[in-house]
Undergrad: 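Can you read through this structure? Questions will come right after.
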Amino acid sequence: MSSRTLRRRLHHGDVDGKRQEHFETSGLDSLSEPLLADDDYIENKKICTLEDLWDDERKKAQFHWTFIFSNLIAQWAQWLANVVLGSGSLIGRLLSFPSAALNMQNNRMLPPSLSPLQEERLRNLRQRLEVPFDGSKAEHQDALKQLWKLAYPDRELPSLRSELWKDMGWQGSDPSTDFRGGGFISLENLIFFVMKYPDSFQRLLHKQDGTRAEWEYPFAVAGINISFMLAQMLDLQAGLPSSLAGVRFLKLLEEDEMAFDILYCVAFQMMDAQWLAKRATYMEFNDVLKSTRTQLERELALEDISSVKDLPAYNMLR
């Protein structure tokens, strides 16, 4: 693989975010596990291990009721400050501070009330997330063919089982075996990416930016992992999102029905920038994906973010 001497610098956010994140595997059946390599590799790297999940569950059990009562008390204090003292007073601002701090603890918030538009768009997104990839369905086969034609407009379309699919970053000759827990939405995300931001898609597909590793991440399978990561980060498997990133995302979804797909493109571009900045290789992909999630969460927490296009990392797309 040829390398470019010019190395893109990562704009905005921390490259070496130190927060440890674990992907939850409960919830949506069709988007239930990340996948980059075979099972032996995942076991060796200890990604999303059973011990991690038990540790997460213990933490959730420990803080669950504390968060509920603390947030209720904090909201009551905020209401009293607004009504009695006015939101502009010094005491009112002091009383509002604990409320924000409690809501931010562990990145959990009380589930918000949704507008009818938010409810509709969230319902539609969840319906997309629940569709598993089915290689026997003509619609799904056609989507794979469409992705190839868009990615390689000057190349002949291969059969659905061909070694040529590996050129796109599928792990085997049959792309349908790579989806497993990724769901049909991960294929839709790739198609959206190449249609909406073709230049960025092509540069990532052909690894044209920066000095590349000898053992690069497989493009298509990396995309499946990013779809999975976003669904987990945005808390889309819950009754109502209560993570800070999930609550902020609901506002973006109200602004644009395709917010999830656009955020996917941002995340993919951000992941590649992290990859280059860390000089990562294949075996470090999952660490890079965790750093990408951390940076996304930080950008979603910024003030004055009303659409995905307001995120600093959106400017990396071409």
Side-chain angles (χ1 to χ4, degrees), residues 8-28 31-60 104 106-108 169 180-182 186 189 204 210 213 215-238 241 243-246 248-249 260 263-302 311-313 316:
R8 282 189 70 192
R9 297 183 61 191
L10 177 63
H11 300 286
H12 308 288
D14 261 338
V15 168
D16 296 317
K18 299 299 182 181
R19 291 173 50 197
Q20 298 298 315
E21 303 288 349
H22 299 285
F23 295 136
E24 299 175 4
T25 58
S26 60
L28 298 173
L31 200 63
S32 57
E33 58 177 320
L35 169 68
L36 178 61
D38 56 28
D39 293 335
D40 291 336
Y41 168 66
I42 295 175
E43 174 63 24
N44 291 337
K45 291 296 287 180
K46 303 297 184 183
I47 300 303
C48 197
T49 62
L50 186 59
E51 290 82 358
D52 291 332
L53 297 178
W54 284 344
D55 184 58
D56 286 344
E57 291 301 322
R58 284 194 296 268
K59 290 180 181 178
K60 290 179 182 178
M104 287 290 292
N106 201 37
N107 274 346
R108 310 306 293 184
R180 294 209 294 187
S186 57
N189 291 152
L204 294 180
W215 197 6
E216 278 285 325
Y217 64 85
F219 175 81
V221 179
I224 295 176
N225 278 261
I226 291 171
S227 296
F228 171 85
M229 179 271 288
L230 285 180
Q232 298 298 304
M233 182 189 77
L234 300 176
D235 213 14
L236 295 175
Q237 77 280 7
S243 67
L244 177 59
R248 289 294 180 91
F249 173 73
F260 183 86
L263 189 61
Y264 169 88
C265 301
V266 173
F268 211 139
Q269 186 72 67
M270 181 187 292
M271 184 278 295
D272 189 74
Q274 293 264 0
W275 177 273
L276 292 174
K278 289 175 176 289
R279 299 180 181 272
T281 61
Y282 180 92
M283 300 296 283
E284 299 170 292
F285 175 83
N286 287 285
D287 294 331
V288 172
L289 193 62
K290 288 182 181 181
S291 296
T292 302
R293 173 172 174 164
T294 297
Q295 184 181 348
L296 273 175
E297 288 174 328
R298 290 174 177 172
E299 293 203 6
L300 286 168
L302 295 174
L311 296 174
M316 292 191 293

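In what follows, every heavy atom counts, from backbone to side chain, and hydrogens, waters and symmetry copies are set aside.
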Undergrad: Closest approach of Ile224 and Gly182, non-hydrogen atoms and distance?
TA: CG2-CA, 3.7 Å
Undergrad: Would you check, one step at a time, whether the test side-chain contact (heavy atoms from CB on, under 4.5 Å) holds for Leu230 with Phe249?
TA: CA-CA 11 Å; Leu230 285 180; Phe249 173 73; over 6 Å; no
Undergrad: Heavy atoms only: give me the nearest Ala313-Val266 pair and the separation to one decimal.
TA: CB-CG1, 3.8 Å
Undergrad: Out of curiosity, Met233 CE to Ile226 CD1, how far, rounded to the nearest 0.5 Å?
TA: 11.5 Å
Undergrad: Do Glu299 and Met270 have side chains that approach each other closer than 4.5 Å (heavy atoms only, starting at C-beta)?
TA: yes
Undergrad: What pair of heavy atoms forms the shortest contact from Gln274 to Thr292, and how long is it?
TA: CG-OG1, 3.8 Å
Undergrad: Measuring from Leu311:CG to Arg248:CZ, what's the distance to the nearest 0.5 Å?
TA: 10.5 Å
Undergrad: What is the minimum heavy-atom distance between Ser227 and Asn189, and which atoms define it?
TA: OG-OD1, 2.7 Å
Undergrad: Can you give me the closest heavy-atom contact between Ala222 and Phe268, atom names plus distance?
TA: CB-CZ, 4.3 Å
Undergrad: Do Glu297 and Leu244 have side chains that get closer than 4.5 Å, going by heavy atoms?
TA: no
Undergrad: Mind listing the closest non-hydrogen atom pair of Ala245 and Leu234 along with its distance?
TA: O-CD2, 3.8 Å
Undergrad: Using the six-membered ring wherever Trp is involved, compare the ring planes of Tyr282 and Trp215 and label them parallel, tilted or perpendicular (cut-offs 30° and 60°).
TA: parallel
Undergrad: Step by step, work out the side-chain contact (heavy atoms from CB on, under 4.5 Å) result for Met229 and Met271.
TA: CA-CA 11 Å; Met229 179 271 288; Met271 184 278 295; over 6 Å; no
Undergrad: Ala280: what forms a side chain to side chain contact (heavy atoms under 4.5 Å, CB included) with it, not counting sequence neighbours?
TA: Trp275, Lys278, Glu284, Val288
Undergrad: How many angstroms lie between CG in Leu289 and OH in Tyr217, if you round to the nearest 0.5 Å?
TA: 11.0 Å
